[in-house]
Amino acid sequence: MMKLLSINNIHCNISVNTKEDVFQIIAKIAVENGYAISADKVVKGLLEREAESTTGFLEGFAIPHTKNETIQHPGIIVQTMEKGVEWESLDSLPARFIIALLIPDNEAGTAHLKYLSTIAKMLMHKEVRDQLIQAEKEQQIYDILLEYLND
C-alpha cells in the first residue's frame, strides 16, 4: 500500500464549504502528483459515485472513491478540514477527515475492493479514528496510515 500513499497526498486544515469543493481539491492533488490526467473527470467520477450512495462513514470520516480511465495509478489522497462539510454520513455528522481512493479502470474490481475494504476496516477501530482526528500534521497522519495500511 505504500505506493498508494505519499506525504504529498495529505493536506491538513483545508478550508472548504461543500463536498464538491473537497472533490476539486482531491482532483487537483491527483493531477499534480501524477495519479490522474484530468481533474474534471476525477471530480465527475467522485460525484457520480457519491450519487449512488454516501461515502460518509462514522465520526466525521468519509471514504470517497472513484475508478475511471483518467486515473493512471492507484492513490490515496487525505484531507482534514477546519470545519466539517455536510456529507450525508451514516451517523449524520459532517465530514472532517477525508480518505479518498482513486483507482484506474484496469485495476477495478478486486484491487478496488481490497483497498476500500482495508481502509474501512481500519476506520472501524475507534482508537484509529481518534489517532487520526488528533493528528495535527501531515507527517503524523502519514505515519498512522502506514502503520495500519501495511498490517
Side-chain angles (χ1 to χ4, degrees), residues 1-43 45-47 49-50 54-68 70-104 107 111-151:
M1 284 254 194
M2 285 183 86
K3 293 182 241 171
L4 293 173
L5 182 65
S6 157
I7 190 84
N8 298 323
N9 294 5
I10 302 172
H11 297 267
C12 293
N13 298 314
I14 303 287
S15 180
V16 292
N17 295 313
T18 68
K19 197 184 305 185
E20 188 163 349
D21 292 343
V22 173
F23 292 163
Q24 292 287 345
I25 294 170
I26 289 168
K28 181 177 182 273
I29 293 167
V31 170
E32 286 174 356
N33 293 347
Y35 292 96
I37 54 176
S38 169
D40 289 341
K41 287 187 179 179
V42 170
V43 170
L46 290 165
L47 287 168
R49 169 56 190 85
E50 201 66 34
T54 185
T55 60
F57 198 64
L58 301 167
E59 296 182 12
F61 284 85
I63 315 171
H65 49 282
T66 186
K67 54 187 178 352
N68 67 49
T70 190
I71 300 168
Q72 304 296 297
H73 306 284
I76 295 173
I77 297 175
V78 179
Q79 296 178 46
T80 68
M81 290 164 291
E82 290 178 353
K83 59 181 179 160
V85 173
E86 173 53 46
W87 212 277
E88 299 168 0
S89 298
L90 299 175
D91 59 6
S92 299
L93 292 175
R96 290 183 43 234
F97 201 107
I98 310 303
I99 302 175
L101 181 58
L102 307 176
I103 301 294
E107 292 189 36
H112 174 231
L113 295 174
K114 177 185 146 202
Y115 300 141
L116 188 58
S117 172
T118 300
I119 293 167
K121 284 179 187 173
M122 176 190 73
L123 291 179
M124 291 298 293
H125 301 283
K126 182 170 177 24
E127 66 273 9
V128 177
R129 294 192 310 270
D130 290 346
Q131 287 176 9
L132 289 169
I133 287 290
Q134 291 168 9
E136 296 177 3
K137 300 202 181 305
E138 287 84 356
Q139 186 67 52
Q140 292 172 299
I141 294 170
Y142 180 76
D143 292 343
I144 293 164
L145 289 174
L146 281 186
E147 176 184 343
Y148 289 97
L149 294 177
N150 285 326
D151 279 349

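Just so you know, residue 1 is the first one in the sequence shown, and it goes up from there. Values reported hereafter were calculated over all heavy atoms of this structure, with side chains retained and with hydrogens, waters and symmetry mates removed.
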Do [X] and [Y] come within less than 4.5 Å of each other through their side chains, counting heavy atoms only?
{"X": "Val43", "Y": "Thr66", "answer": "no"}
{"X": "Gln139", "Y": "Asp143", "answer": "yes"}
{"X": "Ile119", "Y": "Leu145", "answer": "no"}
{"X": "Ser6", "Y": "Asn33", "answer": "no"}
{"X": "His73", "Y": "Leu4", "answer": "no"}
{"X": "Asn9", "Y": "Ile76", "answer": "no"}

For Phe23, ring pair (Phe, Tyr, Trp, His ring centres under 6.0 Å) partners two or more places apart: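 So Phe23 forms a ring pair (Phe, Tyr, Trp, His ring centres under 6.0 Å) with Trp87.
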Results of ring pair (Phe, Tyr, Trp, His ring centres under 6.0 Å) for Tyr35 - residues two or more places apart only: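 With neighbours one apart ignored, the set is empty.
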Partners meeting side chain to side chain contact (heavy atoms under 4.5 Å, CB included) with Gln140 (sequence neighbours left out):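 With neighbours one apart ignored, the set is Ala135, Glu136, Lys137.
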By side chain to side chain contact (heavy atoms under 4.5 Å, CB included) - contacts of Asn13 (at least two apart):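 Expected list: Thr80, Glu82.
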To the nearest 0.5 Å, tell me how far [X] [atom1] sits from [Y] [atom2].
{"X": "Gln79", "Y": "Ile141", "atom1": "CD", "atom2": "CD1", "answer": "10.5 Å"}
{"X": "Leu46", "Y": "Gln24", "atom1": "CG", "atom2": "CD", "answer": "10.0 Å"}
{"X": "Gln131", "Y": "Met122", "atom1": "CD", "atom2": "CE", "answer": "10.0 Å"}
{"X": "His11", "Y": "Ile25", "atom1": "NE2", "atom2": "CD1", "answer": "9.0 Å"}
{"X": "Arg129", "Y": "Leu123", "atom1": "CZ", "atom2": "CG", "answer": "7.5 Å"}

Run the side chain to side chain donor-acceptor pair (under 3.5 Å) test against [X] and tell me which residues pass, sequence neighbours left out.
{"X": "Asp21", "value": "Thr18"}
{"X": "Asn8", "value": "none"}
{"X": "Thr54", "value": "Glu50"}
{"X": "Lys121", "value": "none"}

Contacts of Asp40 that satisfy salt bridge (charged side-chain N to carboxylate O under 4.0 Å, His left out) - sequence neighbours left out: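 By the salt bridge (charged side-chain N to carboxylate O under 4.0 Å, His left out) rule, Asp40 matches no residue at all.
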Those residues that, when tested against Glu32, pass salt bridge (charged side-chain N to carboxylate O under 4.0 Å, His left out) (two or more places apart):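 Counting only residues at least two positions away or on another chain, Glu32 forms a salt bridge (charged side-chain N to carboxylate O under 4.0 Å, His left out) with Lys28.
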Shortest non-hydrogen separation from Ile63 to Ala120 and the atoms involved: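 Taking Ile63 first and Ala120 second, the nearest heavy atoms are CD1-CA, 4.1 Å.
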Closest non-hydrogen atom pair between Val42 and Ala36, with its separation: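 In terms of heavy atoms, the two residues are closest at CG2-CB, 3.6 Å.
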Under 3.5 Å donor-acceptor, Ser38 side chain and Thr70 backbone: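 Answer holds: no.
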Side-chain donor-acceptor pairs of residues 88-104 under 3.5 Å, sequence neighbours excluded:
from: Ser89; atom 1: OG; to: Leu93; atom 2: O; distance (Å): 3.2
from: Asp91; atom 1: OD1; to: Leu93; atom 2: N; distance (Å): 3.1
from: Asp91; atom 1: OD2; to: Glu59; atom 2: N; distance (Å): 2.6

